[in-house]
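Order of the sequence lines sets the chain letters (A, B, ...), proteins ahead of strands, with each chain counted from 1. No hydrogens, no waters, no symmetry mates; every other heavy atom, side chains included, goes into these values.
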2 protein chains.
Amino acid sequence: MKNMHYTRDNMAELLRGHDINPTHQRIEIAHALFSRQEHLSADQVMAIVNTRHSETSKATVYNTLKLFLEKRLIRELIVDPSKVFYDPNTTPHHHIYEIDSGKMSDIDADQVKITGLPPLPDNMVTEGIDLIVRIRNKN
Amino acid sequence: MKNMHYTRDNMAELLRGHDINPTHQRIEIAHALFSRQEHLSADQVMAIVNTRHSETSKATVYNTLKLFLEKRLIRELIVDPSKVFYDPNTTPHHHIYEIDSGKMSDIDADQVKITGLPPLPDNMVTEGIDLIVRIRNKN
DNA sequence: TCCGGAAGTTAGACAAAGTCTAGATTATTG
DNA sequence: CAATAATCTAGACTTTGTCTAACTTCCGGA
Ligand SMILES: [Mn+2]
Ligand SMILES: [Mn+2]
Ligand SMILES: [Zn+2]
Ligand SMILES: [Zn+2]
């Protein structure tokens, strides 16, 4: 993904690679997420996509984000009690969350070691491990 | 906390110990959480407290949970995108979340080691580290 | 090219969690 | 008891997200 140019054409490729039919709206939404490489809420995605002129409805934004999740193109972050954030980075990584500002940054998973987690029941499998470091300003 | 009897009187003590004036409603809400030692949503707390007869309003449930949080009597768990859960266990511990059932269980923090977290900016301090293992049924 | 179904998008109604306000109740103090 | 502070309340309101039914676009076969 280094030096990737997030053109609309490349977005279409990316979508096809995840079995997603690349429509205009889907390309715009993917572009909003991937060109920024930030953690965005549905509302923010909607605002970005409709900056120039209204072209994507709320229903489509939510439908599309859910589709991207299912197809594992993006990842969901549950860190703020009031809204979900979407993360174009699906490589294993963790997060630092600044409580006061809401700013979120990545921690590379390579650096971090987590040991001593208990074994799971036989019929269960790990979907993911979310590690969130909540930080705030010293007083 | 071993062998603790979660009587109303003991709840009043507990509240006073955290600088919370023990009113009837606050005692009932604390009792709901601590006698069960489970992870409950605001809705669930409300239902429990009003089982016999209606005695606590929605506003008071939310206000009281927020007060308990501020006074560090309980802990907030952000794990389900649609609602917050409240945890009477404030000792450092982690969580296993069964995505499909919504069931949540504790992992003792003693067993788990997390190393390699990056240093924080000088003026920042860690509020808490949330580690959530999301699991689901094998297919 | 025309047709018909499938896939995708949409506006707007709806649901659920949580917040807010202004008034009522309760507790405390003098 | 009266005044004041603390707490609680109903219900309106906000926000995030879901749902539905109609509309549009796409696409393969006649
Ligand atoms: Mn456009
Ligand atoms: Mn009672
Ligand atoms: Zn991330
Ligand atoms: Zn817990």
Side-chain angles (χ1 to χ4, degrees), chain A residues 8 11-12 15-16 18-33 39-50 52-71 73-74 76-87 99 102 104, chain B residues 8 11-12 15-16 18-33 39-50 52-71 73-74 76-87 99 102 104:
Chain A
R8 264 73 178 171
M11 289 301 98
L15 294 179
R16 275 186 217 101
H18 285 256
D19 287 314
I20 299 166
N21 186 21
T23 65
H24 177 64
Q25 287 87 341
R26 287 168 184 173
I27 288 169
E28 291 300 322
I29 290 170
H31 185 258
L33 283 159
H39 309 92
L40 300 178
S41 67
D43 239 35
Q44 289 175 310
V45 169
M46 175 121 164
I48 290 166
V49 161
N50 291 327
R52 289 169 166 282
H53 54 283
S54 177
E55 59 181 330
T56 309
S57 72
K58 184 167 68 143
T60 295
V61 170
Y62 278 99
N63 289 344
T64 300
L65 290 170
K66 195 167 284 181
L67 177 67
F68 286 4
L69 275 181
E70 279 164 24
K71 300 296 191 178
L73 180 65
I74 61 175
E76 186 181 38
L77 290 184
I78 301 167
V79 65
D80 180 303
S82 74
K83 58 172 77 97
V84 171
F85 285 87
Y86 296 90
D87 192 340
I99 297 172
M104 196 147 42
Chain B
R8 264 72 178 173
M11 288 302 98
L15 294 179
R16 275 186 218 102
H18 285 256
D19 287 314
I20 300 166
N21 186 21
T23 65
H24 177 63
Q25 286 88 340
R26 287 168 184 173
I27 287 168
E28 291 299 322
I29 290 171
H31 185 259
L33 283 160
H39 309 92
L40 300 177
S41 66
D43 240 34
Q44 289 175 308
V45 168
M46 175 123 164
I48 291 167
V49 159
N50 291 328
R52 290 168 167 281
H53 54 284
S54 176
E55 60 181 329
T56 308
S57 73
K58 185 167 68 145
T60 295
V61 170
Y62 279 99
N63 289 344
T64 299
L65 290 170
K66 194 167 286 181
L67 177 67
F68 286 5
L69 275 180
E70 278 165 24
K71 299 295 191 178
L73 180 65
I74 63 175
E76 186 182 34
L77 289 184
I78 301 167
V79 65
D80 180 304
S82 74
K83 57 172 78 100
V84 171
F85 285 89
Y86 297 90
D87 192 340
I99 296 172
M104 196 147 42

Q: Side-chain atoms of residues 58-69 of chain A: list all donor-acceptor pairs with protein atoms under 3.5 Å, sequence neighbours left out, distances to 0.1 Å.
A:
{"residue": "A/T60", "atom": "OG1", "partner": "A/S57", "partner atom": "OG", "Å": "3.2"}
{"residue": "A/N63", "atom": "ND2", "partner": "A/A59", "partner atom": "O", "Å": "3.2"}
{"residue": "A/T64", "atom": "OG1", "partner": "A/T60", "partner atom": "O", "Å": "2.7"}

Q: For D/dT9, take OP1 and OP2 only and decide whether either is under 4.0 Å from a side-chain N or O of B/Q25.
A: yes
Q: Would you check if the side chain of A/H18 reaches a backbone N or O of A/K71 as a donor-acceptor pair within less than 3.5 Å?
A: yes
Q: Checking side-chain contact (heavy atoms from CB on, under 4.5 Å) between A/T56 and each of A/R26, A/M46, A/Q25, A/H24, which is the one that passes?
A: A/Q25
Q: Atom CG of B/N50 and atom P of D/dC8: how far apart are they, to the nearest Å?
A: 13 Å
Q: Starting at atom CG of A/L67, determine the distance to atom C1' of C/dA7, rounded to an integer number of angstrom.
A: 12 Å
Q: Below the 4.0 Å mark, does C/dT10 have OP1 or OP2 next to a side-chain nitrogen or oxygen of A/S57?
A: yes
Q: Kindly say if A/T23 contacts the phosphate of D/dC26, meaning a side-chain N or O under 4.0 Å from OP1 or OP2.
A: no
Q: Rounded off to whole Å, could you give me the CD-to-C1' distance for the B/E55 and D/dA10 pair?
A: 17 Å
Q: What I'd like to find out is whether the side chain of A/D87 reaches to under 4.5 Å of the side chain of A/E76, using heavy atoms alone.
A: no
Q: Measure NZ/A/K71 against P/C/dA7 and give the value in whole Å, please.
A: 12 Å
Q: Reckon A/N21 has a side-chain N or O less than 4.0 Å from the OP1 or OP2 of C/dA7?
A: no
Q: Roughly how far, to the nearest 0.5 Å, is the CG atom of B/L40 from the CD1 atom of B/I74?
A: 9.5 Å
Q: Counting primed atoms plus P, OP1 and OP2 as sugar-phosphate and everything else as base, spell out the protein contacts along nucleotides 14-20 of chain C at 4.0 Å heavy-atom distance: B, S or - for each nucleotide, 5' to 3'.
A: ---SBBB
Q: Using a 4.5 Å cut-off on heavy atoms from C-beta on, say whether the side chain of A/L33 contacts that of A/Y86.
A: yes
Q: Roughly, in whole Å, what's the span from CG in A/L65 to P in D/dT16?
A: 14 Å
Q: Can you check the A/I20 CD1 to D/dC26 P distance for me, whole Å?
A: 18 Å
Q: Is any side-chain heavy atom of A/P22 closer than 4.5 Å to one of A/R16?
A: yes
Q: What's the CG-P distance between A/D80 and D/dT15, to the nearest Å?
A: 14 Å
Q: Taking CG from A/D19 and P from C/dA7, how many angstroms apart are they, rounded to a whole number?
A: 14 Å
